[in-house]
Amino acid sequence: MRSLWPKGGLWRHGDFLKLWAGETISAFGSTIDDIALPLVAILILDASAFEVALLGTVLFLPFILFTLPAGVWVDRLPRRPILIVGDFGRAALYATVPIAYVADALTLWQLFVVGFLVGVFQVFFDVAYQSYLPTLVDRDQIIEGNSKLQVSQSAAQISGPGLGGILVEILTAPYAVLVDALSFVASGVFILRIRQPEETPERATAADGRKTSFWADVKEGLRFVLRNPNLRAQAGCTGTSNFFFSLAFAVFLVFAVRELELSPGVIGVVFSVGAAGSFVAALTAMRLTQRFGIGPTTIAVTMLQGPAVLAMAFAPVGNAALAVLIPAQLVLGYMLVTYNIVQVSYRQAICPARLQGRMNSAMRFLVWGTIPLGTLAGGALATWIGLREAIVVGACGSGLSFLWILLSPQRHLREMPEPISDEPITSDLAPEIPGIGDPVPADGV
């Protein structure tokens, strides 16, 4: 699909700017909530380290349960309405937290329910969102679009946590959550105003011309990812990184408050100042990839994760910890955003339009499905061996995730390849998918 402004770049693409504006507002609210919701559990409800980790598990559990079905629906339905429902649904759920707090009825169980349902909306929103961008802009503008969106994410990460920490100290954590609810309302309004027509996705058909079944569609998305060695490596690298990273950060706020003795405002400053690295990454990722190539860039930035997390585990007590935590956050911000821009743009560019939803859902299932397992493991480890020791385990595991790319053909990939040819669907896909009835090969996920 050609964009409406082929010569002016995305700065003149009005509908992309509406999507960008909505996501920017939502990103600021979400970064506030990343601190506010766990602090509701820690400061208001006096939750244990395991209970705080369990809250993170509940939030990401829907990525195991609903991601693959979400991909099928995203490929069968228009994607913009899914984005709008996702925004307004999350706004309504987050609004219940301050309401219950005012009524003196807030419980940890409510946070679990809100977290789970927010995760369900997040699943559908994320799959639709990553599938919607390639239909809104030209193929050669995908990296530019992802870079601009990451600029907003980075700016939000720079100022959002600091603002969140301040709001928690001034207004208390439940009212900081209300700010996030309002941000999702604003995001939904901007997406409502997008006017570019969206073609209704064509229903997939089998070789004999019949409509495919729901599970055949799910299997086709998995097959597309798992039969491509570069996507397998990306899924393995990201899934491993997410598991160990979430293991460490599931308990990091508890570690920062109770062992490093940092206030919410100081914790917010750490994340805000440190996130400047992600802002730099958003501005330089495209040029870095053009200079060194997709594979080498991915390997180099992924190798930075383990040492940065390990440094945080050995931060001293008190405000002296800032000398360690801020540089570590700078490195993590740069690494994560560069990795996301390069890898998300790659998979969007090579995937046929009709498979975008299922491809993205398969990747989300494989790489985000490890997050609730990691958070649960982090809470259990912190209870068993201690907070600092659990973060060390997370650092060591995430530091090895780059091996997936290093040992795959992607290490040689330099330029963005052409889209993969859209092959006809066979009537029986299951035998061709590793992991559907057969053990997963050791070199893929």
Side-chain angles (χ1 to χ4, degrees), residues 15-41 55-56 59-60 62 79-102 106 110-111 114-130 132-133 146 148-194 253 264-265 267-268 271-272 275 278-279 282 333 337 340:
D15 284 329
F16 172 79
L17 294 179
K18 293 170 187 173
L19 178 67
W20 190 11
E23 282 309 295
T24 299
I25 296 170
S26 177
F28 272 86
S30 294
T31 53
I32 292 171
D33 188 64
D34 288 342
I35 284 185
L37 198 63
L39 287 177
V40 170
L55 178 60
L59 182 62
F60 283 97
R79 289 147 187 174
R80 189 172 71 97
I82 297 175
L83 298 176
I84 295 168
V85 172
D87 271 335
F88 290 144
R90 286 177 291 177
L93 287 166
Y94 277 131
T96 66
V97 174
I99 292 173
Y101 176 69
V102 170
L106 185 63
Q110 179 182 344
L111 295 188
V114 168
F116 180 80
L117 294 178
V118 164
V120 174
F121 281 110
Q122 186 79 36
V123 165
F124 282 88
F125 183 92
D126 283 352
V127 173
Y129 172 69
Q130 291 191 340
Y132 185 53
L133 180 64
N146 280 319
K148 283 180 165 54
L149 293 168
Q150 283 293 339
V151 167
S152 297
Q153 290 283 344
S154 302
Q157 289 168 357
I158 290 171
S159 57
L163 178 60
I166 293 171
L167 287 175
V168 168
E169 289 201 350
I170 296 176
L171 303 177
T172 70
Y175 293 116
V177 175
L178 180 61
V179 175
D180 193 27
L182 296 175
S183 74
F184 284 119
V185 172
S187 176
V189 170
F190 272 103
I191 296 174
L192 268 172
R193 297 181 64 242
I194 293 176
L253 278 179
I267 295 172
F271 285 113
S272 293
S278 57
F279 185 76
V337 170
N340 285 338

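Of the possible donor and acceptor atoms, one in the side chain of Gln110 sits under 3.5 Å from a partner among the backbone N and O of Thr96. Side-chain atoms of Ser183 come within 3.5 Å of backbone atoms of Asp180 as a donor-acceptor pair (strictly under, hydrogens ignored).
Looking at heavy atoms from C-beta onward, Phe88 lies in side-chain contact with Val185 at the 4.5 angstrom threshold.
Contact record, Leu93 with Val118: CD1-N, 3.6 Å, taken as the closest heavy-atom pair. Across Ala91 and Ala181, no two heavy atoms sit closer than the pair CB-O, 3.2 Å. The heavy-atom pair separating Leu178 from Pro98 by the smallest distance is CB-CG, 3.8 Å. Closest approach of Ile25 to Ala186, counting heavy atoms only: CG2-CB, 3.7 Å.
In this structure, CG in Leu37 is found 5.0 Å from CG in Leu55, a value given to the nearest 0.5 Å. The line from CG of Leu111 to CG of Leu106 is 5.0 Å long, rounded to the nearest 0.5 Å. Note that CG of Leu19 and CD1 of Ile194 are 5.0 Å apart. Values are rounded to the nearest 0.5 Å. Rounding to the nearest 0.5 angstrom, the gap separating the CZ atom in Phe184 from the CZ atom in Phe121 is 11.5 Å. To the nearest 0.5 angstrom, Leu83 atom CG is 15.0 Å from Phe190 atom CZ. Between the CG atom of Asp87 and the CD atom of Gln122 there is a distance of 9.0 Å, given to the nearest 0.5 Å.
Taking the six-membered ring where the residue is Trp, Tyr101 and Tyr175 present perpendicular rings, their angle passing 60° and hence far from 30°.
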